[in-house]
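Heavy atoms only: backbone and side chains are in, while hydrogens, waters and symmetry mates are out. The model shown is predicted, which means the values in this text are computed figures rather than measured ones.
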Amino acid sequence: MNDAAGAVVNPTRRQSGRWRRIAVIRRLLMTLFVVGQTLIACYFLLWILPYHGATSLELGLLALFALLYMWIAVGFWTAIFGFILRLTGGDRHSLLRQHSDGQLDATTLARTAIVMPVYHEPVYWTLSGLKAVYQDLERSGHLDHFEFHILSDSRDPDVWLEEQATWYQLCQELGAEGRLFYRRRWVNLNFKSGNVADFLRRWGRRYRYMVVLDADSLLSANTLVRMVQLMEREPRVGILQTAPSIINGESLFARIQQFANRLYSTLFATGLAAIQMGDAAFWGHNAIIRTQPFMKHCGLRKLRGFGLFRGPIMSHDFVEAAYMGRAGYEVWLEPGLGNSFEESPPTLSDELSRDNRWSRGNMQHLWILLFGRRIRLAHRMALLNGIMAYLASPLWLAFLILTTIEAVQMTVGSIDYFPEGHQGLFPLWPEWRPQWALGLALSTLSLLFLPKFLAILDAVIHGSAKQFGGFLRLLVSVLVEIVVSVLLAPVRMMAHSRYVLGALLNVSLTWAGQNRTQETSWRDAFVTQLPGMLIGGGWSAFAWKLDPMFFLWSLPVAIPLVLAAPTSVLLSRVAPGQTLRTWGVLLIPEEREPVKVLEDARSARRAANDEFALSALEAAVVRPRLNRLHQALARSTRLPRRAQLLSPLVARCGREGPGSLSRSELSQLCRDRQSLAELHHLAWKAPPDSFWGRRIHLLSRSE
């Protein structure tokens, strides 16, 4: 029996009504805990404030505090849910637990596309990861059910020519002709989502499922096979999302990020999956998608608002999950699907550059949150969660500003015994309760840090502490991570506040590929962090002149801002990260017990060709074999008007080399079959002392 999407319907599959009832109960409990705790905290704050909320300034402080405290409490209770579920044997209502291993092993696989969109990524490094996934599937014996697609949006001819050459090389090495495909769009529309949409329009009907990988993604064969089997047995599931672990961290920053992800995400992912259930979010990669309903229901129309809220949707994943849910399909996060990996930016500056892009996409979700039609409440909450990931920073900054104003008024200004809103014959005396303030601060800190220590306890209970280097090293690793997170929190606050403001003002943004290796220089660190350093130092100096007690309260924010530049430089360095690794600090299980797909990817990347004395474009011109390959992939027709445009470009490039042309002009030549042939002919006829003559000499020496 088949459903509309072509999947085999399991007659004994769980009923969606049952999990929805369980989800409602869990979400009500979560709401009760979060709201109840926030109300108690707000009550304490009211009695801490001098006028107990009787002024508009204090009401503003109270409103901001409530939003921020509630945001922190959601994360806290998510981790608590995860800890309790793992303590009691796991969530028996999770998708994976509904089917035995025997049932899944007996499930026939369906044709699945593994799709990797790329944009100006390190070519050999990226495709070596895809090669490792291919080889793992080949070893598993399930390769025949999978096909691979590299979807390029790269614009630099040096990059996409190398992509084409490396793809062809992989096809030959793996014997993957007819199974490993490469396509580059000539027109970039709608970012990554437009790239995937173009693939689906052309080839989506060939596949029942599509697995989306990022350039830094890795999935083991067992995980890929399990994902397909689960989708086959659950025909109402539209998207199945894994919980990726961060790997391959080299710099101190990356190693801290991967340790925190690997240790803490066990609790957070378990709790999040248990609360969301079939209304989970989609993170855009390391997930499997049912192709037909995705094509039918998840097309992204341009926003019709104003400024930022007009044009293509930049952050597509949460919206696609919401649209899939709106169409009646389920979206699940399954933490039990292991061996799903990704990488993090190597430096703080690279993370913040990425956040600049992500903040714009998440701010766009405000429009969909408010005006999206028939979107389920759970998916609206997921959109709000993504928005708050960045909006929390300017709210926190606003809270600090109002706190400073309150301190100035109470220190410099005269006491107002009849503040606005106060009614009565008797004056309102300001009251100070420093003990209550300290207690509230400690309770807030407990929400942030208690889940980290629960993660240690969870690792000890489940016997995984040894995989992190043992209990003592695990404890030291958590303490190192806490110190660094405290140092980075104000820096991220300032950066995210600037990004959110820029997004709402619709300031233009350049989309670029990610840095994966380069350390941060002192000059770049000071240029990037100087505004925050000045603000932190100035605020702290002002607090000292205002009131010594307020100065002490300012230090947890001011000190990290003042130290932002050296912190950024130190965290970007590889040597400290490797030293801590040698000491057994910040270890993750995959470094003690390597996974085959990770080992294959690392081996392939270490064997990367260093032979390129020539750039990819130069090699495409002078190497006969590569030139024939690029000709075969280029445009074959050439209209007379186009010939008039290209002929002088070919002649100039033949005389002076590619440096005489712009990137756009070089792209036009390299997309044209006849131009490539003419350039190859001109290069090999060039005098020995010319540009191309010297390149051919380099070629002969390297070979």
Between F550 and T404, is any pair of side-chain heavy atoms under 4.5 Å apart?
yes
Can you tell me how the ring of F371 sits relative to the ring of W367, calling it parallel under 30°, perpendicular over 60° and tilted otherwise?
tilted
Just checking F268 against Y264, ring centres under 6.0 Å apart?
no
Assess, by modelled atom type and distance only, whether the side chains of N286 and S217 contain a donor and an acceptor separated by less than 3.5 Å.
yes
Side chain to side chain contact (heavy atoms under 4.5 Å, CB included) partner of T567, the single match among V569, L571, L570
L571
Side-chain (S568) to main-chain (A564) donor-acceptor, under 3.5 angstrom:
no
Measure the spacing between CD of Q257 and CG of L488 and express it to the nearest 0.5 Å.
7.5 Å
Expected output: side-chain S485 to main-chain I482 donor-acceptor under 3.5 Å
yes
Should the ring pair F551 and W544 be called parallel, tilted or perpendicular, given that the plane angle runs from 0 to 90° and is split at 30 and 60?
perpendicular
Between E591 and R262, is there a side-chain N and carboxylate O pair less than 4.0 Å apart?
no
Of all the heavy-atom pairs spanning L561 and M533, show the shortest one and how long it is.
O-CG, 3.1 Å
Would you say that more than 12 heavy atoms from the other residues, nucleotides or ligands in this model lie under 6.0 Å from the CZ of R310, or not?
no
With I405 via side chain to side chain contact (heavy atoms under 4.5 Å, CB included) - residues at least two apart:
L57, I401, L402, Q409
